[in-house]
Amino acid sequence: MLNIVLFGPPGAGKGTQSVHLVEAYGLVHLSTGDIFRSNIKGNTALGQKAQSFMDKGQLVPDDVTIRMLESEVNKHSDAKGFIFDGFPRTTAQAESLDAFLDARKTPVTCMLALEVEENELKRRLLARAETSGRPDDADPQVIQKRIDVYKAETAPVAGHYALQEKFTGIDGLGTIDEILDRLKAAIEH
Ligand code: ADP
């Protein structure tokens with residue numbers, strides 16, 4: 001099984017690259033952000049819980065997020081592997097994911113971290129707001145909050161996988177194909 005944690009700050013290109021990695025390796029793409037947004041759209045109890053956090057650029061609480069992610073993994077018993085996009089975003093989420101996958105004897109294979117500097121992230125997110133319809137992309141204060149939360153709570157997750165010797169940093173600047181080639185080289189390394 002190939003279980004990839006695709007990591008990086010908001011706007012780094014995780015969603016874009018996930019589509020191509022799914023095509024290349026036949027993986028199941030689990031984006032916690034997408035799953036929350038589809039729950040908000042469907043007005044489910046989970047969506048109602050998540051919305052206020054997302055609109056402010058805060059993280060949805062770990063217990064809610066972890067439970068949701070595990071139930072999504074359980075829906076795909078025949079998967080060849082997963083791309084985890086937007087998860088884990090805290091050290092507690094990483095510890096839960098490791099325990100959950102270890103119990104299934106399908107541990108995380110690698111963490112690939114897309115690296116993009118802050119001004120470029122802000123530029124991309126504001127540009128994305130033109131078409132994404134995402135309220136969290138349209139407001140510079142919410143974007144700043146998401147970047148601050150990333151630095152404080154999410155960035156340490158890289159260290160968690162570095163300790164397991166599973167971390168690879170990937171230059172996230174360039175064309176989509178160039179970045180995809182870097183990701184594939186790291187996967188097939
Ligand atoms: P981006 O990577 O562009 O910030 P996402 O679509 O991954 O966007 O996430 C959007 C929002 O969904 C986050 O700002 C957060 O509120 C919520 N979210 C997504 N994944 C998680 C997670 N693993 N833990 C907590 N909240 C999450």
Side-chain angles (χ1 to χ4, degrees), residues 3-19 21-22 27-76 79 82-104 108 111-114 116 118 121-122 124-126 128-129 131-161 167 172:
N3 285 327
I4 299 170
V5 175
L6 193 55
F7 192 70
K14 303 183 293 290
T16 304
Q17 293 298 335
S18 289
V19 174
L21 292 175
V22 163
L27 306 173
V28 173
H29 176 214
L30 293 183
S31 157
T32 42
D34 286 352
I35 299 165
F36 285 135
R37 278 185 291 277
S38 87
N39 276 276
I40 290 171
K41 215 168 164 198
N43 199 25
T44 67
L46 177 65
Q48 288 170 9
K49 225 180 264 176
Q51 182 160 27
S52 61
F53 297 99
M54 292 176 70
D55 285 350
K56 286 185 270 191
Q58 297 169 353
L59 295 182
V60 178
D62 280 339
D63 58 335
V64 176
T65 306
I66 291 166
R67 217 175 320 123
M68 173 194 81
L69 190 277
E70 292 183 357
S71 107
E72 290 295 322
V73 171
N74 285 334
K75 286 181 191 167
H76 299 278
F82 292 91
I83 299 178
F84 298 102
D85 163 3
F87 186 95
R89 250 179 162 99
T90 62
T91 306
Q93 291 180 14
E95 285 165 357
S96 295
L97 181 67
D98 287 353
F100 178 68
L101 292 180
D102 285 347
R104 303 162 67 95
V108 167
M111 165 182 272
L112 305 177
L114 291 171
V116 177
E118 191 167 325
L121 296 173
K122 291 178 183 165
R124 289 185 187 180
L125 290 169
L126 284 170
R128 184 169 79 182
T131 53
S132 69
R134 282 178 53 171
D136 61 342
D137 285 346
D139 180 339
Q141 276 180 335
V142 175
I143 289 178
Q144 188 62 54
K145 176 72 183 169
R146 285 157 65 201
I147 292 174
D148 292 345
V149 167
Y150 174 81
K151 288 183 191 163
E153 296 184 55
T154 305
V157 179
H160 177 92
Y161 287 103
F167 175 90

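Not measured: the values here are computed from a predicted model. When reading the values below, keep in mind they use all heavy atoms of this one structure, side chains included, and skip hydrogens, waters and symmetry mates.
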Minimum heavy-atom distance Asp55-Pro135, with the two atoms named: OD1-CG, 3.9 Å

Can you list the steps and then say if Leu46 with Phe36 is a side-chain contact (heavy atoms from CB on, under 4.5 Å)? CA-CA 7 Å; Leu46 177 65; Phe36 285 135; 4.1 Å; yes

Please round to the nearest 0.5 Å and tell me the distance separating atom CZ of Arg37 and atom CD of Gln51. 11.5 Å

Non-hydrogen atoms of Leu59 and Phe53 that approach each other most closely: O-CD2, 3.5 Å

Is there side-chain contact between Leu101 and Phe84, with heavy atoms separated by less than 4.5 Å? yes

Have Asp98 and His160 got a donor and an acceptor in their side chains that come within less than 3.5 Å? yes

Just so I know, are the side chains of Pro88 and Val5 near enough to count as touching, which here means a heavy-atom distance under 4.5 Å? yes

Are any non-hydrogen side-chain atoms of Gln93 and Leu69 less than 4.5 angstrom apart? no

With heavy-atom distances below 4.5 Å as the criterion, would you say the side chains of Val60 and Met54 are in contact? yes

Hey, mind stepping through Val28 and Lys75 against side-chain contact (heavy atoms from CB on, under 4.5 Å) and telling me if it holds? CA-CA 11 Å; Val28 173; Lys75 286 181 191 167; over 6 Å; no

Going by heavy atoms in the side chains, are Val64 and Met68 under 4.5 Å from each other? no

Using salt bridge (charged side-chain N to carboxylate O under 4.0 Å, His left out) as the criterion, list what pairs up with Lys122, not counting sequence neighbours. Glu118

Is the Phe7 ring parallel, tilted or perpendicular to the Tyr150 ring (thresholds 30°, 60°)? tilted

Do Gln17 and Leu112 come close enough that some side-chain heavy atom pair is under 4.5 Å? no

Which heavy atom of Lys49 sits nearest to which heavy atom of Ser52, and what is that distance? O-OG, 4.0 Å

Looking at side-chain heavy atoms only, is the closest gap between Lys151 and Ile147 below 4.5 Å? yes

Under a 3.5 Å distance rule, please check whether Lys14 uses its side chain to pair with a backbone N or O of Pro9 as donor and acceptor. yes

Got a salt bridge between Lys145 and Asp148, using NZ or NE/NH1/NH2 to carboxylate O under 4.0 Å? no

Look at the side chain of Arg89 and the backbone N and O of Glu153, then say whether any donor-acceptor pair between them is shorter than 3.5 Å. no

In the structure I gave you, are the side-chain heavy atoms of Arg104 and Asn74 within less than 4.5 Å of one another anywhere? yes

Shortest non-hydrogen contact from Val149 to Gly57? CG2-O, 3.8 Å

Got a salt bridge between Asp137 and Arg146, using NZ or NE/NH1/NH2 to carboxylate O under 4.0 Å? yes

